[in-house]
*Asks:* 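Take a look at this one; I'll ask things after.
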There are 2 protein chains.
Amino acid sequence: MSSHPHDQLAPDQQEQLVSLMRGLGTRTVLYQQNVAASLGLYNNDLKSVDILRETGPITAGELSKITGLATGSVTALIDRLEKVGYVRRANDPNDRRRVILVPEYEYKEEVGNTYRPLHQSMHELASSYTDEDLDLITQFIGKASAILEEQIKQLNVKKSKSSS
Amino acid sequence: MSSHPHDQLAPDQQEQLVSLMRGLGTRTVLYQQNVAASLGLYNNDLKSVDILRETGPITAGELSKITGLATGSVTALIDRLEKVGYVRRANDPNDRRRVILVPEYEYKEEVGNTYRPLHQSMHELASSYTDEDLDLITQFIGKASAILEEQIKQLNVKKSKSSS
DNA sequence: ATCAAATATCTCGATCATCGAGATATTGAG
DNA sequence: CTCAATATCTCGATGATCGAGATATTTGAT
């Protein structure tokens with residue numbers, strides 16, 4: 001399908017990839033929302049769990065910066081997550097103002113169970129490639145991820161600028 | 001780097017990719033949220049604009065199903081998007097109950113402008129690959145996207161089941 | 001030491017997107 | 001023609017989020 005024999009040139013190929021990436025993005029957002037609902041969490045709560053999973057323990061303020069939520073919202077968010085055992089408040093011995101958030105979802109199987117079918121399918125997809133190809137793809141994903149991170153930073157910069 | 005000579009086996013490589021994909025997902029969600037804020041839209045409003053962009057005109061009810069929002073919420077959402085000119089309500093000549101949502105953001109340059117830096121970077125990234133490699137990557141992204149779509153469906157099925 | 005400014009988190013009233021149940025309009029089947 | 005099904009909208013209730021101020025702690029200057 002997608003009628004592009006060899007008479008078609010590269011720019012179009014790039015366009016196709018970028019378009020697919022965009023579609024992947026839309027689906028990712030919808031998927032995340034569905035996972036949250038499935039776990040009985042609010043979107044931002046699951047988002048925070050995912051962030052903590054990647055960063056490890058961070059302070060409430062750092063979570064506020066990353067998520068873009070007001071500090072008051074983060075306080076309430078932590079209360080909710082703590083109540084259901086996804087996270088724990090810990091003291092920073094060096095600065096008693098700070099609240100360190102320690103992920104505790106290792107004990108919560110639900111998260112793993114919910115993500116499992118996706119991971120399973122991804123593993124299956126991955127196993128259909130040679131080591132070499134997988135390397136190529138992995139590097140691409142890593143670079144795409146870095147680009148996104150950079151773009152998020154840029155948008156935040158613009159946000160602060162426009163409010164000055 | 002990443003010390004995995006040839007004595008290391010595939011599963012680890014797969015793990016790395018899946019982990020990276022997850023990180024990509026988290027960043028995608030954060031990015032989307034930042035774009036929405038930057039455009040002065042609510043998350044679900046931008047989500048809907050993106051959906052409409054991909055699907056073309058659909059009914060209010062279909063948007064409700066895709067986004068998972070209640071019909072009453074979609075009504076308000078459309079009101080907001082219509083007010084700022086991202087979308088237009090049209091009649092379905094065959095069924096006068098229906099409201100068809102027609103995307104109108106071609107006239108809105110802001111969306112394109114906001115996404116542009118990301119697209120630019122993605123194009124740059126894409127242009128660093130050979131046609132062959134790009135093909136491989138494109139196919140992978142397409143498959144990953146299809147997997148996500150399937151997983152979203154599965155989660156919706158479980159949702160309906162558990163409420164019976 | 002002392003004090004003021006800066007920083008981190010929390011509190012709390014206000015706002016507003018979302019829900020969900022019911023209202024309204026339309027279609028389709030019998 | 002009537003009734004059930006369907007599509008959208010209305011509207012009161014709920015609750016996440018905001019944002020300004022309160023509290024506690026740290027830091028730096030004097």
Side-chain angles (χ1 to χ4, degrees), chain A residues 29-30 32-34 36-49 52 57-84 86-102 156 159-160 163, chain B residues 29-30 32-34 36-49 51-52 57-84 86-102 156 159-160 163-164:
Chain A
V29 172
L30 288 173
Q32 177 94 349
Q33 175 180 274
N34 275 279
S38 172
L39 287 169
L41 297 177
Y42 296 103
N43 285 349
N44 281 329
D45 294 16
L46 176 61
K47 215 177 291 175
S48 301
V49 167
L52 277 169
I58 56 176
T59 67
E62 286 172 317
L63 183 60
S64 167
K65 278 204 198 77
I66 298 175
T67 58
L69 292 171
T71 61
S73 308
V74 169
T75 299
L77 183 153
I78 298 169
D79 287 346
R80 288 192 300 270
L81 286 181
E82 200 170 31
K83 190 176 295 182
V84 291
Y86 280 93
V87 95
R88 181 170 57 83
R89 277 183 169 93
N91 296 337
D92 184 335
N94 301 324
D95 187 339
R96 303 219 313 273
R97 291 169 303 179
R98 289 188 183 168
V99 166
I100 296 183
L101 307 177
V102 184
N156 277 325
K159 198 194 307 176
S160 345
S163 70
Chain B
V29 171
L30 288 173
Q32 177 95 352
Q33 176 181 272
N34 275 279
S38 171
L39 287 169
L41 297 178
Y42 296 103
N43 286 348
N44 282 329
D45 295 14
L46 176 61
K47 215 178 290 174
S48 300
V49 168
I51 290 168
L52 277 169
I58 56 177
T59 67
E62 286 172 316
L63 183 60
S64 166
K65 279 204 196 78
I66 297 175
T67 58
L69 293 171
T71 63
S73 309
V74 169
T75 298
L77 183 153
I78 299 169
D79 287 346
R80 288 191 299 270
L81 286 181
E82 201 170 30
K83 190 175 297 182
V84 290
Y86 281 92
V87 95
R88 180 170 57 84
R89 277 182 168 93
N91 296 337
D92 183 334
N94 301 323
D95 187 340
R96 303 220 313 273
R97 291 169 304 178
R98 289 187 183 169
V99 166
I100 297 184
L101 307 177
V102 183
N156 277 325
K159 200 196 303 175
S160 346
S163 69
S164 63

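Just so we're on the same page: letters track the sequence lines, and every chain starts at 1.
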*Asks:* Hey, does the side chain of B:R96 come within less than 4.0 Å of C:dG28's phosphate (OP1/OP2), counting only N and O?
*Replies:*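 No, no such contact exists.
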*Asks:* Establish, with yes or no, whether the OP1 or OP2 oxygen of D:dC9 is under 4.0 angstrom from a side-chain nitrogen or oxygen of B:R89.
*Replies:*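 Affirmative; the distance criterion is met.
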*Asks:* For the CG atom of A:L77 and the CD atom of A:E82, what is their distance to the nearest 0.5 Å?
*Replies:*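 A:L77 atom CG to A:E82 atom CD measures 11.5 Å (nearest 0.5 Å).
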*Asks:* If we ignore hydrogens and angles and just use 3.5 Å, is the side chain of B:T67 paired with the main-chain N or O of B:L63 as donor and acceptor?
*Replies:*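 Yes: the side chain of B:T67 pairs with the backbone of B:L63.
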*Asks:* I need the CD-P distance between B:Q33 and D:dA16, as an integer number of Å.
*Replies:*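 Atom CD in B:Q33 sits about 16 Å away from atom P in D:dA16.
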*Asks:* I'd like a list of close polar pairs between nucleotides 6-8 of chain C and the protein, N/O only, cut-off under 3.5 Å.
*Replies:*
unit_1 : atom_1 : unit_2 : atom_2 : d
C:dT7  : O2     : A:R97  : NH1    : 2.5

*Asks:* Looking at B:E62 and B:T59, would you say the former's side chain and the latter's main chain have a donor-acceptor pair under 3.5 Å?
*Replies:*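 The answer is yes, because a donor-acceptor pair under 3.5 Å joins these two groups.
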*Asks:* Please produce a list of atom pairs where a protein N or O lies less than 3.5 Å from an N or O of nucleotides 20-23 of chain D.
*Replies:*
none

*Asks:* Of the nucleotides D:dT10, D:dC18, C:dT18, which has the atom closest to the B:T75 side chain?
*Replies:*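 The listed nucleotide nearest to B:T75's side chain is D:dT10.
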*Asks:* Which residues, if any, of residues 39-49 of chain A bring a heavy atom under 4.0 Å of DNA chain C?
*Replies:*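 Nothing qualifies; none.
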*Asks:* Please check: side-chain N/O of B:S64 versus main-chain N/O of B:A60, any donor-acceptor pairing under 3.5 Å?
*Replies:*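 No: the side chain of B:S64 does not pair with the backbone of B:A60.
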*Asks:* NA contact type, B:L77, heavy-atom cut-off 4.0 Å: base, sugar-phosphate, or nothing?
*Replies:*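 Touches nothing.
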*Asks:* Measure from the side-chain N and O atoms of B:Q32 to the backbone N and O of A:V29, and report whether any donor-acceptor pair falls under 3.5 Å.
*Replies:*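 Such a contact is absent between B:Q32 side chain and A:V29 backbone.
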*Asks:* Short question: side chain of A:D45, backbone of A:L41 - any donor-acceptor pair under 3.5 Å?
*Replies:*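 Not at all, since once roles are kept as given, no pair shorter than 3.5 Å links the two residues.
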*Asks:* Side-chain contact test, heavy atoms from C-beta onward, threshold under 4.5 Å: evaluate it for B:R88 versus B:L101 and give yes or no.
*Replies:*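 Not touching, per the 4.5 Å side-chain cut-off.
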*Asks:* Figure out the CG/C1' separation between A:D92 and D:dA24, and round it to whole Å.
*Replies:*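 For the pair A:D92 CG and D:dA24 C1', the rounded distance is 14 Å.
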*Asks:* If we check side-chain contact (heavy atoms from CB on, under 4.5 Å) with A:I58, which of these qualifies: A:L52, A:V102, A:I100?
*Replies:*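 Per the side-chain contact (heavy atoms from CB on, under 4.5 Å) rule, the option paired with A:I58 is A:L52, out of A:L52, A:V102, A:I100.
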*Asks:* What is the distance, rounded to the nearest whole Å, between atom CZ of B:R80 and atom C1' of C:dA17?
*Replies:*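 Going from CZ in B:R80 over to C1' in C:dA17 covers 6 Å.
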*Asks:* Tell me the interatomic distance from A:L69, atom CG, to D:dC18, atom C1', rounded to whole angstroms.
*Replies:*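 Value for this atom pair: 10 Å.
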*Asks:* Take the protein atom CG of A:N91 and the nucleotide atom C1' of D:dT25, then report the distance between them rounded to whole Å.
*Replies:*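 Taking CG of A:N91 and C1' of D:dT25, I get 13 Å after rounding.
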*Asks:* Do the side chains of A:Y42 and A:L81 get nearer than 4.5 Å, heavy atoms only?
*Replies:*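 With C-beta onward as the side chain, the pair stays apart.
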*Asks:* Write down the distance between CG (A:N94) and C1' (D:dT27), rounded to a whole number of angstrom.
*Replies:*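 Rounding to the nearest Å, CG of A:N94 and C1' of D:dT27 are 14 Å apart.
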*Asks:* Does a side-chain heavy-atom distance below 4.5 Å link B:Q33 with A:N43?
*Replies:*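 Counting from C-beta outward, B:Q33 and A:N43 never come under 4.5 Å.
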*Asks:* Check whether any side-chain N or O of B:S48 sits under 3.5 Å from a backbone N or O of B:N44 as a donor-acceptor pair, and report yes or no.
*Replies:*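 Yes, B:S48 side chain to B:N44 backbone: donor-acceptor pair under 3.5 Å.
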*Asks:* Side-chain N or O of B:S73 less than 4.0 angstrom from OP1 or OP2 on C:dT18?
*Replies:*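 Indeed not, no polar side-chain atom of B:S73 lies that close.
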